[in-house]
Participant: 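Got a structure here, written out as structure tokens. Questions coming.
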2 protein chains.
Amino acid sequence: MQEKVFKPTDAELEILSIVWENGPSTVKFVNEKLNESRLVGYTTTLKTMQIMYEKELLGRNRSGRSHTYKALRKESETQGMILDKILDTVFSGSASKLVMQALTSGKTSPKEIEEIKNFIEKMKGDDDGNI
Amino acid sequence: MQEKVFKPTDAELEILSIVWENGPSTVKFVNEKLNESRLVGYTTTLKTMQIMYEKELLGRNRSGRSHTYKALRKESETQGMILDKILDTVFSGSASKLVMQALTSGKTSPKEIEEIKNFIEKMKGDDDGNI
DNA sequence: CACCACATACGAAACCTTTCGTAATTAGAT
DNA sequence: ATCTAATTACGAAAGGTTTCGTATGTGGTG
């Protein structure tokens, strides 16, 4: 039962993605990455990352005259939290509905479907052992 | 390529859930339902539903002195849009990662896992026909 | 050490969401 | 017709997010 649900905003999520993918990064680097997909001013990115530091979404330390920021939570942990919230608020807690909706969107390749199937087979095996 | 991504806010999603589950509803009804889980003033609910009407999330028509509101989009359509966004922004487009994360959270019952497995089997069959 | 380039810090504007108080409207009862 | 209770409409405050301009600080170079 977490008291305060951890919930990055959209802008924060964009930055987290970059840091997760590229590892500890400077504001300059993150801002350049952001600008590959949309226009954002440098100080905008800086400010957002400073806020994320205050919120403890990012850690940082000086290196020379600048800061290097790193994600304080693992990508999978954050993904899990976000998905749990969606599960509750959008799918009334039904994971099967969520999964089926995800698979129905048509954005899943046959290869991915195969991966998922294998994953489920493995999972069922684990469960059987525990029942 | 949708120009303007449709994205209900949290409060709007709460209301949509109620209307999806119960069908066309008055403000009074929705507000009572909301108050089963948290305290919300009547005019707060009213205002939110009026905004949703302007945004074309809800349709409405007078019945007597009050309005009856109905959802203008199907639940599944909205769920799909929300999930697509999460897929892109949180899972870099990898549906398999998303699905596995959903299944790993531990909130999926064995019965649901069975349902999902059957669904995938069926899906694979459909695909094979198309390849 | 003075300068320049770069980086951070600060503050505020613009915008959105959520909330609710108050005013106006309406339908039905007396 | 008038009053009352229910309902809608309106406006604005409070809080959060995103944006960026300007000020301040810092480290290396001449």
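Owing to the predicted nature of the structure, the values given are computational and were not obtained by experimental measurement. Below, chain A is the first sequence line, B the second, and so on; all start at residue 1.
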Participant: Is the shortest heavy-atom distance from the side chain of B:Arg73 to the side chain of B:Leu16 under 4.5 Å?
Facilitator: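 A side-chain contact is absent here, since even the closest heavy-atom pair is not under 4.5 Å.
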Participant: Choosing from C:dA9, D:dA9, C:dC20, which nucleotide comes nearest the side chain of B:Val40?
Facilitator: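 Given the options C:dA9, D:dA9, C:dC20, the side chain of B:Val40 is closest to C:dC20.
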Participant: Tell me, for nucleotides 21-30 of chain C in 5' to 3' order, what letter each nucleotide earns: B for a base near a protein heavy atom under 4.0 Å, S for only sugar-phosphate near one, - for neither?
Facilitator: BB----B---
Participant: Give the C-alpha distance, both sets of side-chain angles, the deciding distance and a yes or no for salt bridge (Lys or Arg N to Asp or Glu O under 4.0 Å) between A:Lys111 and A:Glu115.
Facilitator: CA-CA 6 Å; A:Lys111 181 161 159 289; A:Glu115 276 173 35; 3.6 Å; yes
Participant: Using whole Å, report how far NZ of A:Lys7 lies from P of D:dG16.
Facilitator: 12 Å
Participant: Rounding to a whole Å, what distance do you find between A:Met52:CE and D:dT19:P?
Facilitator: 13 Å
Participant: Base, sugar-phosphate, or nothing: which does A:Lys47 touch, judged by heavy atoms less than 4.0 Å apart?
Facilitator: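 Since a base atom lies under 4.0 Å of A:Lys47, the category is base.
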Participant: To the nearest Å, how far apart are A:Leu34 CG and D:dT19 C1'?
Facilitator: 13 Å
Participant: Determine, stepwise, if the pair B:Glu21 / B:Lys33 fulfils salt bridge (Lys or Arg N to Asp or Glu O under 4.0 Å).
Facilitator: CA-CA 11 Å; B:Glu21 180 169 356; B:Lys33 279 283 176 190; over 6 Å; no
Participant: So, does B:Ser66 get its side chain near the phosphate of D:dA6, meaning an N or O under 4.0 Å from OP1 or OP2?
Facilitator: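 For B:Ser66, the contact criterion (side-chain N or O under 4.0 Å from OP1 or OP2 of D:dA6) is not met.
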Participant: Please give, in whole Å, the distance from D:dT8 P to B:Phe29 CZ?
Facilitator: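 That distance rounds to 15 Å.
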Participant: May I ask you to evaluate whether B:Gln50 reaches the phosphate of D:dA9, defined as a side-chain N or O under 4.0 Å from OP1 or OP2?
Facilitator: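 True: B:Gln50 side-chain N/O within range (under 4.0 Å) of D:dA9 OP1/OP2.
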Participant: Ignoring backbone atoms, test whether A:Tyr53 places a side-chain nitrogen or oxygen under 4.0 Å from the OP1 or OP2 oxygen of C:dT8.
Facilitator: no
Participant: Is there side-chain contact between B:Trp20 and B:Thr78, with at least one heavy-atom pair below 4.5 Å?
Facilitator: yes
Participant: D:dT19, D:dT18, D:dT8: which one has an atom nearest the side-chain heavy atoms of A:Arg38?
Facilitator: D:dT19
Participant: For A:Asn31 and D:dC20, give me the distance from atom CG to atom C1', rounded to whole Å.
Facilitator: 12 Å
Participant: Whole-Å distance between D:dC20 P and A:Ile51 CD1?
Facilitator: 14 Å
Participant: To the closest 0.5 Å, what do you measure between CD (B:Glu14) and OG1 (B:Thr45)?
Facilitator: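 Separation between the atoms: 9.0 Å.
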Participant: Can you check the B:Leu13 CG to C:dC16 P distance for me, whole Å?
Facilitator: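 These atoms are roughly 19 Å apart.
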Participant: What's the CD1-C1' distance between A:Ile15 and D:dT18, to the nearest Å?
Facilitator: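 Nearest whole value for this atom pair: 11 Å.
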Participant: Could you pick out which residue, B:His67 or A:Ala11, lies toward the 5' side of DNA chain D when each is mapped onto its nearest nucleotide?
Facilitator: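 On the 5' side of the pair lies B:His67.
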Participant: OP1 or OP2 of D:dG21 less than 4.0 angstrom from a side-chain nitrogen or oxygen of A:Tyr42, does that happen here?
Facilitator: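 For D:dG21, OP1/OP2 do not have a side-chain N/O of A:Tyr42 under 4.0 Å.
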Participant: Do the charged groups of A:Lys28 and A:Glu32 touch, with an N to O distance under 4.0 Å?
Facilitator: yes
Participant: Assigning hydrophobic clusters by single linkage (Ile, Leu, Val, Met, Phe, Trp, Tyr; side-chain heavy-atom cutoff under 4.5 Å), is A:Tyr53 placed with A:Ile51?
Facilitator: no
